[in-house]
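Everything on this sheet refers to the single structure shown next.
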Amino acid sequence: MTQFWRPSGWAAPPSGPRLRILLLGASGFVGGGLWSRLAERHEVVGTYATRPLPGMVRLDLRDEPRLAALAADGFDLVVHAAGLVPLEAAEADPALAHRLNVRPVEVLLDAVRGSATRLLLLSSDNVFDGTRPRYTEDDARAPVNVYGRTKTAAEDLLLAEGGHLVVRIPLVFGRGPWANTFLARLSGPTTVARTDLVCAPVYLPSLGPALARLWDRTGVVHYGGADVVTRFELMSRVQRALDLPTRVTPAQEADTPSACRRPPRLVLRSTRHGLLGPGLDEALAHLATG
């Protein structure tokens, strides 16, 4: 198992009981990164949809009886990191996006209601419209695409119930243990990256330790990266750090027509804790070590 990693200057995660955690979407890029960190200290049951992995259980989120039965199996925490993530796919099929991003939260809430199990929903900066310099937990949501609207609806369900946690995260970058969705964007001879999209990206290995520090809270918290960059700057710096055989070329919205609107500036900051992901220099130095 990979060595526990945290940004320099962080104290070790708080000691506490060993939790029994159900991690939905553990075979994905973000879910895989969480699994590799959380399984070091906790009993984690991960799920996959189409990519079988040793020790994980198969789950289609649309199989509601199976989802409910899993969630009701006496877990301390259910981390929901599954669903329909690509913005273009959600835009093309809003009904499927609702089925995969909203309906499972209803099923989970019904399954754990009255028990000690808590839910942690990974949400997105796409619940905002990108017109403000930065967003905290107190800012009003105004999603401009289908994906953001489904995440907003899922948040509303969880928050109305009370006692659970929504963690909004931005673009996540890095290398996953088995799914490399982010680095796949840099796999072709040319990588087109927007100069008019700004974010505060989070390095994947920092996400698990951050959640472990936040999951005893309720309501909404943000977790963003320390540095604010354009997509072009992020992709260029990753390409240089890994010496990848691709040419990163700048583009703007007019150069990359899409049916899916993207908020132009999504910088997540928190008024409820002091955690930030590592800066790009530190993260890329770690990423380059393999």
Side-chain angles (χ1 to χ4, degrees), residues 1 16-86 89-90 95-124 147 150-151 153-169 172 176-179 181 204 207-208 211-212 214-218:
M1 186 169 292
R18 184 170 185 261
L19 301 184
R20 186 166 182 260
I21 300 171
L22 174 63
L23 176 55
L24 303 175
S27 65
F29 171 61
V30 170
L34 291 178
W35 186 91
S36 67
R37 302 300 164 190
L38 300 181
E40 294 175 346
R41 302 189 64 219
H42 303 280
E43 178 189 349
V44 181
V45 176
T47 72
Y48 70 89
T50 58
R51 184 189 300 111
L53 290 166
M56 294 192 186
V57 297
R58 186 179 185 280
L59 175 68
D60 185 326
L61 288 176
R62 293 166 292 188
D63 186 347
E64 296 183 7
R66 174 67 170 153
L67 175 60
L70 271 174
D73 193 26
F75 291 95
D76 299 299
L77 182 70
V78 176
V79 178
H80 187 9
L84 186 63
V85 175
L96 180 62
H98 186 278
R99 183 78 184 274
L100 293 176
N101 293 347
V102 183
R103 176 58 185 161
V105 175
E106 294 179 303
V107 175
L108 290 170
L109 285 169
D110 288 342
V112 306
R113 189 173 290 117
S115 73
T117 302
R118 297 179 64 247
L119 303 181
L120 188 160
L121 171 68
L122 283 185
S123 190
S124 168
Y147 178 73
T150 62
K151 284 298 188 180
E155 288 185 7
D156 287 343
L157 290 168
L158 207 70
L159 297 174
E161 187 80 11
H164 302 291
L165 178 65
V166 171
V167 180
R168 295 186 188 130
I169 59 174
V172 179
W178 32 72
T181 308
L204 179 59
L207 186 54
L211 291 191
L214 297 172
W215 64 36
D216 62 343
R217 299 166 182 256
T218 60

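What you see is a predicted model; the values in this text were computed from it and never measured. Side chains are part of it too, since the values below use all heavy atoms of this structure and drop only hydrogens, waters and symmetry mates.
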Fill in: Note, Asp73 side chain near Arg20 side chain (heavy atom, < 4.5 Å)
yes
Worksheet item: Which heavy atom in Val45 sits nearest to a heavy atom in Phe75, and how many Å separate them?
Response: CG2-CE2, 3.8 Å
Practice prompt. Take the angle between the ring planes of Trp215 and His42 and call it parallel below 30°, perpendicular above 60°, tilted in between.
Written response: perpendicular
Discussion item. Is any side-chain heavy atom of Arg118 closer than 4.5 Å to one of Asp76?
Written reply: no
Worksheet, complete the sentence: Shortest non-hydrogen pair, Leu34 vs Ala81, comes out as CD1-CB, 4.4 Å
Response to the item:
Heavy-atom nearest pair, Arg41 first then Arg18, reads O-CG, 3.3 Å
Worksheet item: Heavy-atom distance under 4.5 Å between the side chains of Trp178 and Tyr48, does that happen here?
Response: no
Worksheet entry | Heavy-atom side-chain contact between Lys151 and Arg168 under 4.5 Å | no
Discussion item. Measuring only between side-chain heavy atoms, which start at C-beta, is Tyr147 closer than 4.5 Å to Ser124?
Written reply: yes
Fill in: From OG (Ser123) to CD (Glu155), nearest 0.5 Å
3.5 Å
Worksheet item: Is Leu157 close to His164 at the side-chain level, that is, under 4.5 Å between some pair of heavy atoms?
Response: no
Worksheet item: For the residue pair Leu61 and Ala82, what are the closest heavy atoms and their distance?
Response: CD1-CB, 3.8 Å
Item to complete: Using modelled atom types only, decide if a donor and an acceptor are shared between the side chain of Thr47 and the backbone of Arg58 within a distance under 3.5 Å.
Response: no
Worksheet item: Out of Leu120, Leu119, Leu165, which one pairs with Val79 under the side-chain contact (heavy atoms from CB on, under 4.5 Å) rule?
Response: Leu120
Item to complete: Grab the two heavy atoms, one from Val30 and one from Leu207, that are nearest each other, plus how far apart they are.
Response: CG1-CD2, 3.7 Å
Discussion item. I'd like to know if the side chain of Arg113 reaches the main chain of Glu161, judged simply by a donor and an acceptor atom lying under 3.5 Å from each other, with no hydrogens or angles considered.
Written reply: no
Worksheet item: Between Leu108 and Ala71, which heavy-atom pair has the shortest distance, and what is it?
Response: CD2-CB, 3.6 Å
Worksheet item: Can you find a heavy atom in the side chain of Leu67 that is under 4.5 Å from one in the side chain of Leu24?
Response: yes
Practice prompt. Decide yes or no for Arg103 and Thr150: does some side-chain heavy atom of the first lie under 4.5 Å from some side-chain heavy atom of the second?
Written response: no
Worksheet, complete the sentence: From the list Leu22, Asn101, Leu121, side-chain contact (heavy atoms from CB on, under 4.5 Å) with His80 holds only for Leu121
